[in-house]
There are 2 protein chains.
Amino acid sequence: MARRAAPVLHRDNPEKEPLSGHVKVTPEDWLNVARDLLVSEGVAGVKVLAIGERLGVSRSSFYWYFKSRKHLLEALLDDWEARNTAPILDHCDLPAANISWAVCNFFRCFVDPDLFDASLDFAVREWSRRDGKVRNRIDAADAQRLAAVTAMFERHDYSAYEAEARARILYFMQCGYHALEVREPMQARTARLEGYLLGFTGAEPDQQAVAAARAFAEQKMDR
Amino acid sequence: MARRAAPVLHRDNPEKEPLSGHVKVTPEDWLNVARDLLVSEGVAGVKVLAIGERLGVSRSSFYWYFKSRKHLLEALLDDWEARNTAPILDHCDLPAANISWAVCNFFRCFVDPDLFDASLDFAVREWSRRDGKVRNRIDAADAQRLAAVTAMFERHDYSAYEAEARARILYFMQCGYHALEVREPMQARTARLEGYLLGFTGAEPDQQAVAAARAFAEQKMDR
DNA sequence: ACGATCCTGGACAGTCTTGTCCAGAGAAAA
DNA sequence: TTTTCTCTGGACAAGACTGTCCAGGATCGT
């Protein structure tokens, strides 16, 4: 075996790229495009060839940076874990004058793509349905987040029982919203924030908190 | 071309199946296994070979019943539409003495796999993220369902504004619950029903309604 | 200038999947 | 029984994807 035609060299094939020569990429480039594909196409769409094409680079150079596609997927999972849970925990721990402010703080996470990438979170969630290891990691993340929201309600004098029920309503509702990917302008959504507060705190909404959250969301929309 | 080895006949190959001869399947068999695979593996897992193997039938006989894989997927989508939306609309329209009973009726849909197959619904939802046509159909289904829940709250004297906010909390929360596929025994879940009612109706929960919903859920669990 | 190293392109091999074709088994009709 | 129709099995072809190998261009240090 090992009989093989001589590879076509650049100088013999000027159509390729005038003089730029090799295109250099970093492992981060591969990872970034992989994340995009995970979100837009699902884990099945994370293909070495597809990433290489988008980077304008040959497929085989991938194997210089990653041992295999499987290792890329592991890196992708680490990347998600490093991004998406900490901001929620932080925002639940933020000091708040009353429950309205606390809920509005929580709400900010799900409005600001820099704090929490909902698309990425749900792409990983979908992936987890077909992979036990992924599933375990996302279960742990959900447990952490729910515990943080529960603690938030408890700090505002709800009983343990009510705090947990309301935390679940709040977190599940927000996740349901993203799961359904409702096509609704951000304005309509924030306008209904007051209604939500009415629904799940059982207290009169603090209009200042609502206004602040609305302003924040609208500002995030402008970008 | 068209040179080809003579196919191995059954009588020449007794290893196959003693004497049962051809195994007959129906288009419904193909569809049922396809639905299972859609739920467990996602749309990418709906492969002609995989279905055929599970049916114990050769891959090529698939093409007698369906023009192509694409046509199977269309049939799958029609099948979902025929199953999953009507029960929700029906349960929202059920007569109810008060809002607690109404919400508990709604709750039943999401507890009874015969009324609403949440796994199938989310499998289609996931599919819809990669296919515009699927997306349009599921958007329409969501709109119908939300309208029904909103109307339910309105019949119990909530204002249009509050009815919509509470309908969204209720529907999104329930979807979020299924989207996250929380691993929690049904008992724990129904025990928290009262807490949910407390959270999103803004009224004192009707203990009889809660008890009835609990009993229903526990009975469904036994099967 | 020149050698060592980094990184990429293309060929190759192997697997998996879809879709087509046709011989012929089984069952139903004549 | 014989004929006809329905349905299945296996071969074939083509395409997509993964992973391997290696020649050699590009670049950096000396």
Side-chain angles (χ1 to χ4, degrees), chain A residues 1-30 33-34 37-38 41-74 76, chain B residues 1-31 33-34 37-38 41-76:
Chain A
M1 61 179 68
R3 184 167 51 81
R4 152 185 318 155
V8 178
L9 308 183
H10 279 172
R11 60 165 177 251
D12 300 336
N13 185 14
E15 328 287 14
K16 274 279 163 173
E17 279 176 353
L19 205 67
S20 73
H22 284 196
V23 182
K24 287 248 184 177
V25 296
T26 65
E28 284 70 35
D29 291 331
W30 286 97
V33 176
L37 282 171
L38 176 66
E41 313 269 320
V43 69
V46 182
K47 297 167 197 165
V48 180
L49 179 63
I51 307 173
E53 274 175 357
R54 203 193 280 189
L55 287 173
V57 148
S58 142
R59 191 176 60 81
S60 54
S61 96
F62 167 82
Y63 295 93
W64 182 262
Y65 301 106
F66 296 90
K67 199 177 160 196
S68 69
R69 178 174 176 275
K70 195 176 153 188
H71 284 74
L72 172 67
L73 293 181
E74 278 173 18
L76 216 40
Chain B
M1 59 179 68
R3 184 167 50 79
R4 150 185 319 154
V8 179
L9 308 184
H10 279 171
R11 60 166 176 250
D12 300 335
N13 186 16
E15 327 287 13
K16 273 279 162 171
E17 279 176 354
L19 206 65
S20 72
H22 284 196
V23 181
K24 287 249 184 176
V25 296
T26 64
E28 283 71 34
D29 291 331
W30 286 98
L31 193 65
V33 177
L37 283 171
L38 176 66
E41 313 269 320
V43 68
V46 181
K47 296 168 195 165
V48 180
L49 179 64
I51 308 174
E53 272 174 359
R54 203 192 281 188
L55 287 173
V57 147
S58 145
R59 191 176 61 79
S60 54
S61 96
F62 166 83
Y63 294 93
W64 182 263
Y65 301 106
F66 295 90
K67 200 177 160 194
S68 70
R69 179 173 176 274
K70 196 175 153 190
H71 283 74
L72 172 68
L73 294 181
E74 278 173 16
L76 216 41

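Numbered from 1 within each chain, the chains take letters A, B, ... in sequence-line order. This is a predicted model, so every value here is computed, not measured.
Rounding to the nearest 0.5 Å places CG of B/Leu73 at 10.0 Å from CZ of B/Phe66. Between B/Tyr65 atom OH and B/Leu31 atom CG the span is 13.5 Å, to the nearest 0.5 Å.
Rounded to a whole Å, the NZ atom of A/Lys47 is 17 Å from the P atom of C/dC16. Between the CG atom of A/Leu49 and the P atom of D/dT20 there is a distance of 16 Å, rounded to whole Å. D/dC17 atom C1' lies 14 Å from atom CG of A/Leu72, rounded to whole Å. Here the P atom of nucleotide C/dC7 and the CG atom of A/Asp29 are 13 Å apart, to the nearest Å. Between B/Glu53 atom CD and D/dG9 atom C1' there is a gap of 14 Å when expressed in whole angstrom units.
At C/dT8, none of the side-chain N or O atoms of A/Ser58 fall inside 4.0 Å of OP1 or OP2 (strictly under the cut-off).
Residues A/Ser68 and A/Tyr63 approach most closely at CA-CE2, 4.2 Å, considering heavy atoms. When all heavy atoms of A/Asp29 and A/Val25 are compared, the pair lying nearest together is OD2-CA, 3.5 Å.
Heavy-atom distances under 4.0 Å link DNA chain C to A/Arg59, A/Ser60, A/Ser61, A/Trp64, A/Tyr65 of residues 59-69 of chain A, given in residue order.
Considering only residues two or more places apart in sequence or on other chains, A/Lys67 meets the side chain to side chain contact (heavy atoms under 4.5 Å, CB included) condition with A/His71.
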Counting only pairs under 3.5 Å, give me each side-chain donor-acceptor contact of residues 45-54 of chain A, with atom names and distances, residues two or more places apart or in other chains.
| residue | atom | partner | partner atom | Å |
| --- | --- | --- | --- | --- |
| A/Arg54 | NH1 | A/Asp36 | OD2 | 3.4 |

